[in-house]
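Data block below; observations after.
So that the names make sense, note that chain A is the first sequence line, chain B the second, and so on, each numbered from 1. Fair warning: this is a prediction, and the values are worked out from it, not measured in the lab.
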Amino acid sequence: MFIKFKHAVESTLKSALDTAGYSTDNLYIEESAHSDLASSLSFRLASEYKQSPMIIADTIASKITIPENSLIDRVEVAGAYINFFVSETFLNNTIYEIFKKQGSYGAGHGKGKVIIEHTSANPNGPLHVGHIRNSVIGDTLARILKKVGYEVEVQYYANDMGRQIAIVAWALDRFEFNQQKKTDHAIADVYIQANQELRDNPDLSLQIDNMMQKIELGDEEMVKRFDRATNLAIAGITSTLKRMNIHHDRFVYESRFVKGGDVADFLRELEESGLAETIDGALTVPMPEFDKDLVIRRSNNTSLYVTRDLAYHRWKAERCDRVIDVLGADHKLISSQLCYVLRVCGIKEPEIVIFEFVSLPEGSMSTRAGKFISADDLLDQVNTQALAEVTKRRPKTDEDFRKRISLPVGIGAVRYDIVKISPEKATTFDWESALDFDKLGAPFIQYSHARACSILKKTSGVPDSIDPSVLTGEAEIALVKELARFSHVTNAAASNLKPHIVAIYARKLAESFNQFYRMSPVLSAPDDLLEARIGLVECARIVLASVLDVLGIDAPESM
RNA sequence: GGGCUCGUGGCUUAGCCAGGAUAUAGCGCCGGAUUUCUAAUCCGGACGUCCCGGGUUCGAAUCCCGGCGAGUCCGCCA
């Protein structure tokens with residue numbers, strides 16, 4: 001409804017501008033603390049028309065006519081600002097729309113198919129607290145895009161033939177594989193040992209080179225060894241992701257682009273078109289925009305990560321309308337080189353979402369060096385802490401209840417803490433903050449939802465529709481206005497690919513609901529207000545559940 | 001050395017792309033509200049050179065230039 005209000009403000013302002021004889025290509029409409037929407041365009045017109053901005057604002061405002069039943073209630077001039085306020089119609093329509101659309105309230109006009117790739121961690125160990133920043137951002141984006149109407153396919157691009165996997169495969173023959181451990185953790189153990197060994201005896205790396213050659217040629221024995229390594233790691237990674245409500249529709253193994261000939265085709269086309277040339281025996285794409293050219297085939301004829309990635313991106317581009325990649329900041333250069341090649345080949349480029357690194361207080365993480373905190377460790381500890389928190393707050397409930405509630409509370413807390421931070425901010429992992437349940441995070445939002453459910457459970461039923469016009473309390477109106485912003489937020493998050501704005505909205509919505517809860521008693525409300533307030537609680541419940549769903553966070557009905 | 005990103009109260013952070021009204025919120029700190037629809041709540045208070053210096057503008061946290069600091073990348077690794 002907020003979007004419709006904005007459109008109404010735009011057209012109203014535009015026609016007033018025409019009537020007053022001004023013209024501009026930008027209406028400078030912004031959200032404001034002083035009104036529901038404000039325009040500061042009088043300032044801009046002032047120099048052009050050699051008039052005082054206050055006079056311009058007054059002139060424009062005097063030409064504004066608001067039709068009957070408009071979403072705009074009134075217009076006020078404050079200094080040079082023109083302030084617009086929502087009408088009762090706006091508030092009523094918001095409630096009607098939520099009742100009508102229920103869980104699909106907040107959908108947008110996204111059209112077409114999106115392939116979004118996220119996580120895609122190398123299968124050489126478990127996911128760590130850095131990888132899951134990728135997973136949470138990617139999964140939330142996928143949910144946002146679905147919410148606004150896109151058909152979304154989520155992919156994990158699994159590197160099953162790179163040098164690091166060769167090292168894992170080599171390590172599995174050389175070191176003992178711990179059968180007791182979760183498979184991805186056991187893979188990390190042998191991988192770390194292998195890297196130590198390779199550091200101590202650099203000559204051994206010839207064995208790795210040899211394996212790389214064989215896998216490129218499709219040597220059957222070698223394919224088996226690489227597959228075993230990859231599958232053990234991916235199985236563990238998948239189960240960690242499942243714990244966090246994260247699902248991939250498809251795992252795409254990079255080896256398929258070598259086996260299927262896509263890589264060879266792409267290389268041949270690049271060579272024949274003259275876009276790539278052989279330098280020192282290696283096929284290279286000149287990159288005048290960058291400091292450095294890009295090697296796409298080694299002098300020993302093997303392909304590189306970026307070569308396979310090019311084939312993968314062409315494959316994706318042929319299968320959807322938008323390609324989105326969620327990548328760590330270390331991929332900035334290589335991904336822009338990849339885009340450069342795709343661009344000169346006339347292939348649709350991916351939209352790339354970059355997130356900055358998560359480090360430990362003692363420095364950056366490294367799977368190879370064994371310096372990392374695994375996602376499983378984090379989830380275990382957070383769940384333990386969540387159980388303690390539920391026990392502290394609901395001591396009279398049975399253990400079954402406490403365990404059942406602590407799970408979504410813990411997972412929600414982890415997801416929210418990650419997604420609330422803007423991706424371009426580098427972060428340092430901190431146990432104390434990760435295990436802090438007193439701050440305003442997912443549990444705060446889940447709690448608001450549980451409160452709404454609790455009220456509804458005590459009523460004799462939710463009405464099919466209500467008369468919202470009796471909801472005139474300050475907190476009630478503020479809550480309805482917040483509910484009205486939902487689709488505006490999801491659409492903005494989708495078009496800017498910024499999931500954190502949904503997280504911030506969810507917190508604000510929960511705050512609005514809590515204020516309403518405090519100020520407007522529902523069950524003991526006078527008869528003329530009772531039904532309307534129950535209806536408003538139902539609307540809040542619907543939108544709180546929806547926004548939590550978009551964030552991939554479960555919404556318990558009691559906690 | 002070059003590229004990219006970040007720098008906002010003690011700590012974490014929104015706003016920056018599309019410049020505007022008292023700079024957002026959380027943690028922590030101080031004080032208040034509970035015979036309740038679940039207090040994982042609500043209300044109030046203290047805490048700021050928006051890294052520094054120039055510039056553009058009627059107006060700069062936001063745009064431009066120059067510094068400083070942090071992270072990251074600059075492999076025929078992935």
Side-chain angles (χ1 to χ4, degrees), chain A residues 26 28 30-35 38-44 46-47 52-53 78-81 83 120 122 124 159 161-165 212 254 279-284 290-292 294-306 308-309 328-334 336 354-357 359 364 389-390 392-394 409 417 420-428 430 432-433 436-448 450-459 496 500-501 503-504 507-508 510-511 513-515 517-525 533 537 558-559:
Chain A
N26 189 333
Y28 297 98
E30 59 209 54
E31 295 186 52
S32 163
H34 306 270
S35 62
S39 171
S40 61
L41 94 164
S42 316
F43 286 109
R44 333 279 171 152
S47 59
S52 126
Y81 294 90
N83 284 319
S120 301
N122 280 332
N124 54 12
N159 169 3
M161 59 179 296
R163 187 170 192 88
Q164 296 173 39
I165 305 314
M212 298 278 290
E254 67 170 340
I279 299 173
D280 296 334
L283 191 63
T284 306
F290 302 88
D291 291 344
K292 218 179 110 300
L294 184 69
V295 173
I296 52 176
R297 185 177 62 213
R298 293 190 185 92
S299 47
N300 70 5
N301 270 334
T302 56
S303 63
L304 292 93
Y305 167 83
V306 70
R308 274 111 55 186
D309 211 16
D330 53 338
H331 281 71
K332 273 182 205 172
L333 178 61
I334 192 70
S336 54
I354 294 283
F355 68 94
E356 289 290 331
F357 266 49
S359 56
S364 30
E389 299 286 340
V390 176
K392 186 169 83 192
R393 293 169 162 96
R394 301 296 301 277
V409 167
D417 280 353
K420 74 176 178 187
I421 305 287
S422 186
E424 64 269 18
K425 219 83 143 183
T427 62
T428 303
D430 170 30
E432 194 180 315
S433 162
D436 177 12
F437 282 80
D438 289 328
K439 61 180 182 235
L440 284 196
F444 173 83
I445 303 156
Q446 290 168 315
Y447 184 67
S448 302
R451 277 179 146 180
C453 291
S454 173
I455 291 173
L456 295 171
K457 223 172 279 172
K458 293 196 164 98
T459 64
N496 298 311
H500 77 280
I501 66 182
I504 287 157
R507 199 194 61 210
K508 290 188 85 166
E511 257 168 12
F513 180 75
N514 284 332
Q515 278 160 19
Y517 183 94
R518 175 70 53 180
M519 289 171 71
S520 304
V522 178
L523 299 178
S524 61
R533 284 194 180 159
V537 172
S558 172
M559 63 184 279

A/R297 CZ to B/C77 P, in whole Å, measures 15 Å
Could you tell me how far B/C43 sits from B/U34 if I compare only their P atoms? Round to whole Å. 15 Å
Starting at atom NZ of A/K508, determine the distance to atom C1' of B/G15, rounded to an integer number of angstrom. 11 Å
When you measure from the side chain of A/I421, which nucleotide among B/G26, B/U13, B/A21 comes out closest? B/U13
Distance check, C1' atoms only: B/U41 and B/A23, in whole angstrom units. 27 Å
Distance, rounded to the nearest Å, where A/K420 contributes NZ and B/C11 contributes C1': 12 Å
When rounded to whole Å, the OH to C1' distance for the pair A/Y305 and B/C76 reads 17 Å
Applying a 4.0 Å non-hydrogen cut-off, can you work out what A/R308 is touching in the nucleic acid: base, sugar-phosphate, or nothing? sugar-phosphate
Classify the side chain of A/S32 versus the base of B/A21 as yes if they form a donor-acceptor pair under 3.5 Å and no if they do not. yes
Respond yes when some side-chain nitrogen or oxygen of A/R507 is under 4.0 Å from OP1 or OP2 of B/U24, and no when none is. no
State, yes or no, whether a side-chain contact exists between A/V409 and A/M559 at a heavy-atom distance under 4.5 Å. yes
Worked verdict on A/F444 versus A/E511 for side chain to side chain contact (heavy atoms under 4.5 Å, CB included): CA-CA 9 Å; A/F444 173 83; A/E511 257 168 12; 3.9 Å; yes
Would you kindly give the CZ-to-P distance between A/R518 and B/A40, to the nearest whole Å? 11 Å
What closest approach, in Å, do A/E254 and A/G162 show between heavy atoms, and which atom pair accounts for it? OE2-N, 3.9 Å
For a 4.5 angstrom cut-off between non-hydrogen side-chain atoms, does A/S448 reach A/Y517? no
P atom, B/C17 versus B/G71: distance in rounded Å? 27 Å
Quick one: does A/S558 reach the base of B/U38 with a side-chain donor-acceptor pair under 3.5 Å? yes
What nucleic acid atoms does A/N83 come within less than 4.0 Å of, heavy atoms only: base, sugar-phosphate, or nothing? base
Assign A/L440 to base, sugar-phosphate, or nothing according to its heavy-atom contacts below 4.0 angstrom with the strands shown. sugar-phosphate
Of all the nucleotides listed (B/C76, B/C27, B/U72), which has the minimum atom distance to the side chain of A/V295? B/C76
Report which part of the nucleic acid A/S42 touches: base, sugar-phosphate, or nothing (heavy-atom distance under 4.0 Å, all strands). nothing
Suppose you measure atom P in B/G75 against the same atom in B/C68; what distance do you get, rounded to whole Å? 25 Å
Atom C1', compared across B/C63 and B/G10: separation rounded to whole Å: 32 Å
Are the side chains of A/V522 and A/K458 in contact, using a 4.5 Å heavy-atom criterion? no
Look at all strands and tell whether A/F444 reaches a base, only sugar-phosphate, or nothing, counting heavy atoms closer than 4.0 Å. sugar-phosphate
Both distances under 3.5 Å, Watson-Crick or G-U wobble: report the partner of B/U5, or none. B/A70
Given B/U38, B/G19, B/U22, identify the nucleotide with an atom nearest to the side chain of A/R44. B/G19
Indicate yes or no: at least one non-hydrogen side-chain atom of A/L523 is less than 4.5 angstrom from one of A/I455. yes
State which of B/U38, B/U72, B/C76 makes the closest approach to the side chain of A/R298. B/C76
Using a cut-off of 4.0 Å on non-hydrogen atoms, how would the nucleic acid contact of A/V390 be classed: base, sugar-phosphate, or nothing? base
For A/K458, which contact category applies under a 4.0 Å heavy-atom criterion: base, sugar-phosphate, or nothing? sugar-phosphate
Options B/C42, B/C74, B/C37, nucleotide nearest the side-chain atoms of A/S454: B/C37
Which nucleotide in the list B/C77, B/C42, B/C37 gets nearest to the side chain of A/L304? B/C77
Please state the P separation for the pair B/G54 and B/C16 - nearest whole angstrom. 26 Å
Whole-angstrom distance between B/G32 and B/U24, as gauged at atom P: 26 Å
Counterpart base for B/A25, defined by Watson-Crick or G-U wobble contacts under 3.5 Å: B/U12
Would you mind telling me which of B/U38, B/A18, B/A40 lies closest to the side-chain atoms of A/N496? B/A18
Could you say whether A/D330 or A/Y517 is positioned toward the 5' end of RNA chain B, judged by the nucleotide with the nearest heavy atom to each? A/Y517
Below 3.5 Å, does any donor atom in the side chain of A/S524 face an acceptor in the base of B/C37, or the other way round? no
For B/U72, take OP1 and OP2 only and decide whether either is under 4.0 Å from a side-chain N or O of A/S364. yes
Return yes if the base of B/A40 and the side-chain atoms of A/N514 contain a donor-acceptor N/O pair under 3.5 Å, otherwise no. no
When we call it a touch if two heavy atoms are under 4.0 Å apart, what does A/M519 touch: a base, just sugar-phosphate, or nothing? nothing
Interatomic distance where CG belongs to A/D438 and P belongs to B/C29 [whole Å]: 10 Å
If you look at every strand shown and take non-hydrogen atoms under 4.0 Å, does A/A46 touch a base, only sugar-phosphate, or nothing? nothing
Is any side-chain heavy atom of A/P443 closer than 4.5 Å to one of A/E389? no
Sugar-phosphate, base or nothing in reach of A/R451, heavy atoms under 4.0 Å: sugar-phosphate
I'd like to check A/R44 versus A/N26 (side-chain heavy atoms, cut-off strictly below 4.5 Å). Are they in contact? no
Comparing nearest nucleotides in RNA chain B, the 5'-proximal residue of the pair A/G281, A/M559 is A/M559
Donor-acceptor check, side chain of A/R298 to backbone of A/A282, threshold 3.5 angstrom: yes or no? no
Pick base, sugar-phosphate or nothing for A/S422, based on heavy-atom distances below 4.0 Å to the nucleic acid. sugar-phosphate
Pick base, sugar-phosphate or nothing for A/I455, based on heavy-atom distances below 4.0 Å to the nucleic acid. base
State, yes or no, whether a side-chain contact exists between A/L294 and A/I334 at a heavy-atom distance under 4.5 Å. yes
Contact class for A/N300 vs. all strands (heavy atom < 4.0 Å): base, sugar-phosphate, or nothing? nothing
Nearest to the side chain of A/S35, which nucleotide is it out of B/C74, B/A21, B/A40? B/A21
Checking only heavy atoms, does the side chain of A/H500 share a donor-acceptor pair with the base of B/U13 at less than 3.5 Å? no
From NE2 of A/H331 over to C1' of B/U5, roughly how many Å is that when rounded to an integer? 16 Å
Same-atom distance (P) from B/G66 to B/U22, integer angstrom: 33 Å
Using only side-chain N and O atoms of A/K425, determine if any of them is under 4.0 Å from OP1 or OP2 of B/U12. no
When the distance from CD1 of A/I354 to P of B/C4 is rounded to whole Å, what number comes out? 14 Å
With sugar-phosphate meaning primed atoms plus P, OP1 and OP2, does A/G162 contact a base, only sugar-phosphate, or nothing at under 4.0 Å between heavy atoms? sugar-phosphate
Partner nucleotide, any strand, of B/G44 [Watson-Crick/G-U, under 3.5 Å]: B/C30
